[in-house]
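I have placed the structure first, in the form of structure tokens, so that the comments after it can refer back to it.
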Amino acid sequence: MDPLSTMFALAASLFSVILALYASSQAEDFIFGFHMLVFAAAGGLLILYLARTVSFQQMTEKGEATYSDGIIRYGVIATLFWGIVGFLVGVLIASQLAFPSLNLDLEWTSFGRLRPLHTSAVIFAFGGNALIATSFYCVQRTCRTRLAFEPLAWFVFWGYQLFIVLAATGYVLGSTQAKEYAEPEWYVDIWLTIVWVSYLLVFFFTLLRRREPHIYVANWFYLGFIVTVAMLHVVNGLAVPVSPFSSVSYSAFSGVQSALVQWWYGHNAVGFFLTAGFLGMMYYFVPKQANRPVYSYRLSIIHFWSVIFLYIWAGPHHLHYTALPDWAQTLGMVFSIMLWMPSWGGMINGLMTLSGAWDKLRTDPILRMMVASIAFYGMATFEGPLMSIKSVNALSHYTDWTIGHVHSGALGWNALISFGAIYYLVPKLWGRRELYSLQLVNWHFWIAMMGIVIYASSMWVSGIMQGLMWREYNADGFLVYSFAETVMQMHPFYVLRAIGGLLFLIGGLIMVYNIWRTIRGEVKVDQPISQVITVGA
């Protein structure tokens, strides 16, 4: 940044700090005042940084003339950090359900406070950082140009970390809009909107300045994810605050309209944040790791446009047997079933990219992790349409079957493809010849797979059992089982879920250790994996 721009940034930061301190002094509740102090602290740190340098050269890799990789390195580290935090909180709340005494009789350590912390940490902190980092890496390589507006790209990264901190602390302190995947209050939503629009500007203008005439399909998925999430967030977050200095607000929607808008947002957060964005990751990193071209580029384009068109209509299937008009429920179900075809088209395209390279699965655990993630994508996108059918939904809704479905997708699809992408990225970003240990990647893969299978299968069994017990009537038309009896029957499955989550967390810690040693430039001499398989057989 030139000196004039630096002075402008200093002035803007100073104004923001003064405004945040004033808002904190006028706060009508503790949460708003605390968050304004967090804003002020973030602005103060930025002022200290700007005061020490007249440019952003420290952050834009001195001497690197080709790509802006410094921000991606920070993104990889943030992804790993928030991933471990999210997995750890997940194990804790799973243990709380199995052993309620772990709630500790404290409101800020209760399941109700920590559950949104877990979901947001895994989806938005872990998944969001993975998407931002990989999208910035992918768009530069496929467009053969540096990121546009690099200082703004750094604002996106650090602004997103500030959003995560505000959201997480708000959950623990009890600040919530009570909307699934959209818990933060109005002022945090406004901040995220500013960050997200900046993200769109950086990505879009990088595409515009490309030196490659063709826009690779991964960039279409990333762009679709960024644009649609912005639209979803703005509409679902429309609210009127009680006052400019209060953390409390009231949604612009009410009743069944509020429910419909929420699940239009909620399902498409899955469809675009957790599906389209990660499909961009798949379409770039799987061919790179396999060293093969995409199986069918034409199929990838059909996959993109059909998923983009169909997903946006599927939200009402979350509202079967509610006050939502029956035609809207049926519309959501029909479009959900239609989604099965393009989703499996994408799965087939990803798997068939390995045509002629299937033997690499014996010796490449990173590729094995990516292929397993595609398989989980296929399973989740079959199970989702199945559960949207009204007669199936009557059994599955509000049960642990939904929890099993969500986690088989989140852990099996989103996490595994993210792990594979990070394993691919780290040696290249830090200039290392290879990872510290492929054997540790192998251990990570199998431990994580055991965790996913134990977790998902226990919840599938528990959920179907729940649904059947809830709808069991005797000859006189009374319920056979009380709610307490169903909870007692679920206890062993809840213990299994906690064990599965713990195994997944252990796999994540193994990955962090492997990445840390790789960044340090160390290489462990491993026995070739193909020999290990032969000996073990």
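Note that the structure is predicted; figures quoted are calculated from it, not measured.
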Would you kindly say whether [X] and [Y] are connected by a side-chain donor-acceptor distance under 3.5 Å?
X	Y	result
Y284	T134	no
T228	N268	no
D400	Y494	yes

Parallel, tilted or perpendicular: which describes the rings of Y199 and F203, with under 30° parallel and over 60° perpendicular?
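Rings of Y199 and F203: perpendicular, over 60°.
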Gap between atom [atom2] of [Y] and atom [atom1] of [X] - 0.5 Å precision:
X	Y	atom1	atom2	result
F205	R209	CZ	CZ	11.0 Å
T353	M370	OG1	CE	11.5 Å
H444	M369	NE2	CE	4.5 Å

Flag the pair [X] / [Y] as yes when their ring centroid distance falls below 6.0 Å, and as no otherwise.
X	Y	result
W413	Y377	yes
F81	W516	no
F124	F273	yes

Nearest heavy-atom neighbours spanning I215 and W220:
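It is O-NE1, 3.5 Å.
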What is the minimum heavy-atom distance between A153 and V202, and which atoms define it?
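Closest pair (atom of A153, atom of V202, distance): N-CG2, 3.8 Å.
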Testing I301, N349, L279 for side-chain contact (heavy atoms from CB on, under 4.5 Å) with V217, which one passes?
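For V217, the side-chain contact (heavy atoms from CB on, under 4.5 Å) check succeeds only for I301.
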According to ring-ring contact (aromatic ring centres under 6.0 Å, His included), who are the partners of H317, at least two apart in sequence or on a separate chain?
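Applying ring-ring contact (aromatic ring centres under 6.0 Å, His included) to H317 gives H267.
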Validation: residues 83-95 side-chain donor-acceptor distances under 3.5 Å, sequence neighbours left out:
| unit_1 | atom_1 | unit_2 | atom_2 | d |
| --- | --- | --- | --- | --- |
| S95 | OG | V91 | O | 2.8 |

